[in-house]
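By convention in this document, chain letters (A, B, ...) are assigned in the order of the sequence lines, proteins followed by strands, and residues within each chain are numbered from 1. None of these values were measured; they are calculated from a predicted model.
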There are 2 protein chains.
Amino acid sequence: MTPLSPEEFLLIAQQHCAARGARLTELRQQVLGLVLARGGVVKAYQVLTDLQAARGPAAPPTVYRALDFLVEQGLLHRVDALNGYIACQHLECQHHGLLLVCETCNDVTEIDATDSLDQLSAAAARAGFQPRRQDVLLTGLCQSCRQPS
Amino acid sequence: MTPLSPEEFLLIAQQHCAARGARLTELRQQVLGLVLARGGVVKAYQVLTDLQAARGPAAPPTVYRALDFLVEQGLLHRVDALNGYIACQHLECQHHGLLLVCETCNDVTEIDATDSLDQLSAAAARAGFQPRRQDVLLTGLCQSCRQPS
DNA sequence: GACGATTTGTTACAGTATAACATCACATCG
DNA sequence: CGATGTGATGTTATACTGTAACAAATCGTC
């Protein structure tokens with residue numbers, strides 16, 4: 001399960017958007033590239049800084065709109081617990097991702113947990129609730145951070 | 001499943017904290033009371049306003065600290081998606097709560113989904129991740145908001 | 001080229017949260 | 001009793017996150 005390179009990711013993103021009739025404009029692609037370049041969880045204002053470095057003046061709404069779009073398309077996940085964004089780590093496969101947020105190192109890992117998440121949705125449905133495809137996240141300790149040594 | 005009255009809730013909260021060796025101080029109790037008084041999802045700055053009305057000058061850290069404590073004790077849930085807090089709706093029973101956040105009316109319902117959530121934890125554990133007891137939330141449409149009529 | 005719809009730019013501001021340090025309350029122990 | 005340590009609260013200032021509202025540019029279509 002080698003992670004995609006930024007180049008591969010951008011390529012797939014293109015196809016992904018084309019297939020959905022969504023316009024992956026220059027700006028949106030650039031923002032996506034900046035997120036990928038940093039790697040891991042990225043904050044909106046980090047992207048803003050990078051964007052300003054790359055293109056001159058830019059304001060918050062510019063990056064928030066691009067990030068919203070990318071989340072909408074499923075290319076990025078929003079990590080509410082950290083007010084951040086992270087590239088989808090299972091773009092190729094159809095999946096329901098579960099985001100594992102380490103509360104020590106703030107690293108985020110995405111695992112495929114389609115079955116469990118479907119169960120969760122079913123439980124919600126029994127309560128009359130109609131879930132929208134959405135990122136579910138758990139916080140806790142990642143493997144590296146719970147070494148007893 | 002009648003919801004607890006604020007009085008009942010506060011009483012149980014007392015016992016709950018005592019049992020855990022945590023100090024439910026006057027301030028913390030007051031903050032909890034203000035959340036219960038408003039009902040539903042409450043924002044920190046709403047609590048701040050109410051607290052100022054009730055006790056005179058107060059600053060953000062005062063309420064954030066109290067809210068953090070109450071979340072820590074499991075009396076409140078933090079609703080990341082809304083930057084808000086809501087009283088635990090299953091205080092009496094041992095449960096793993098699943099928060100259902102309606103993206104139309106912003107109402108939050110808490111259902112018991114212990115089984116599904118245990119599955120989720122198990123999936124995380126298989127990835128070497130150790131989840132902490134934590135609120136999981138799904139966004140979507142509540143029953144009232146998806147009336148086709 | 002005119003038009004409507006979407007995207008982007010820009011300004012200004014609203015809302016959320018914490019760092020850092022001072023002070024206070026309280027339990028414990030010598 | 002007073003010293004002392006710990007946790008809780010007060011206080012100031014500031015950092016971080018996000019959006020409303022409107023203007024300008026871009027793109028596809030007729």
Enquirer: Is atom CD of B/Glu72 surrounded by more than 12 heavy atoms (other residues, nucleotides or ligands) closer than 6.0 Å?
Expert: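 Counting other residues, nucleotides and ligands, CD of B/Glu72 stays at 12 neighbours or fewer.
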Enquirer: Can you find a pair of side-chain heavy atoms, one from B/Leu24 and one from B/Leu70, that are under 4.5 Å apart?
Expert: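 In contact.
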Enquirer: Within less than 4.0 Å of OP1 or OP2 of D/dT9, is there a side-chain N or O belonging to B/Arg55?
Expert: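 For D/dT9, OP1/OP2 do not have a side-chain N/O of B/Arg55 under 4.0 Å.
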Enquirer: Looking at every heavy atom in both A/Leu51 and A/Ala58, which two are closest together, and how far apart are they?
Expert: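 Smallest interatomic distance, heavy atoms only, reads CD2-CB, 4.0 Å.
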Enquirer: Between A/Leu91 and A/Gly74, what is the shortest heavy-atom contact and its length?
Expert: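 Closest approach of A/Leu91 to A/Gly74, heavy atoms only: CD2-O, 4.2 Å.
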Enquirer: Please find the pair of heavy atoms, one from B/Ala87 and one from B/Val35, that lie closest to each other, and give the distance.
Expert: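 Reported closest heavy-atom pair: N-CG1, 4.5 Å.
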Enquirer: Could you tell me the separation between the CD atom of B/Gln52 and the P atom of D/dT9, rounded to a whole number of Å?
Expert: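 Atom CD in B/Gln52 sits about 17 Å away from atom P in D/dT9.
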Enquirer: Would you say B/Asn83 places a side-chain N or O within less than 4.0 Å of OP1 or OP2 belonging to D/dT17?
Expert: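 It does not, given that no N or O in the side chain of B/Asn83 lies less than 4.0 Å from OP1 or OP2 of D/dT17.
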Enquirer: Give me the one residue out of A/Asp118, A/Thr114, A/Asp115, A/Asp135 that meets side-chain hydrogen bond (donor to acceptor under 3.5 Å, both in side chains) with A/His96.
Expert: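 Exactly one option meets the side-chain hydrogen bond (donor to acceptor under 3.5 Å, both in side chains) with A/His96, and it is A/Asp118.
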Enquirer: Is the number of heavy atoms from other residues, nucleotides or ligands under 6.0 Å of A/Glu26 CD greater than 12?
Expert: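 No, the 6.0 Å shell around CD holds no more than 12 heavy atoms from other groups.
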Enquirer: Can you tell me how far C1' of D/dC16 sits from CD of A/Gln46, to the nearest Å?
Expert: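 A/Gln46 atom CD is separated from D/dC16 atom C1' by 12 Å.
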Enquirer: Quick one: the side chain of B/Tyr45 and the base of C/dA14, do they pair up donor-acceptor inside 3.5 Å?
Expert: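 Absent.
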Enquirer: Going by heavy atoms in the side chains, are A/His77 and A/Gln89 under 4.5 Å from each other?
Expert: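 No, their side chains stay 4.5 Å or more apart.
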Enquirer: Would one find a side-chain N or O of A/Arg78 under 4.0 angstrom from OP1 or OP2 of D/dG18?
Expert: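 For D/dG18, OP1/OP2 do have a side-chain N/O of A/Arg78 under 4.0 Å.
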Enquirer: With respect to the phosphate group of C/dT16, does any side-chain polar atom (N or O) of B/Lys43 fall under 4.0 Å of OP1 or OP2?
Expert: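 For C/dT16, OP1/OP2 do have a side-chain N/O of B/Lys43 under 4.0 Å.
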Enquirer: Which residues, if any, of residues 57-74 of chain A bring a heavy atom under 4.0 Å of DNA chain C?
Expert: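 When residues 57-74 of chain A is checked for heavy atoms under 4.0 Å from DNA chain C, the hits, listed by number, are A/Ala59, A/Pro61, A/Thr62, A/Arg65.
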Enquirer: Nearest 0.5 angstrom please: A/Gln130 CD to A/Ser121 OG, how far?
Expert: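 Going from CD on A/Gln130 over to OG on A/Ser121, the span is 10.5 Å.
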Enquirer: Rounded to whole angstrom units, what separation is found between the CG atom of B/Leu82 and the C1' atom of D/dG18?
Expert: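 The answer, rounded to whole Å, is 14 Å.
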Enquirer: Taking DNA chain C as the partner, which of residues 13-27 of chain A come within under 4.0 angstrom of it by heavy atom?
Expert: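 A/Arg23, A/Thr25, A/Leu27, in order of number.
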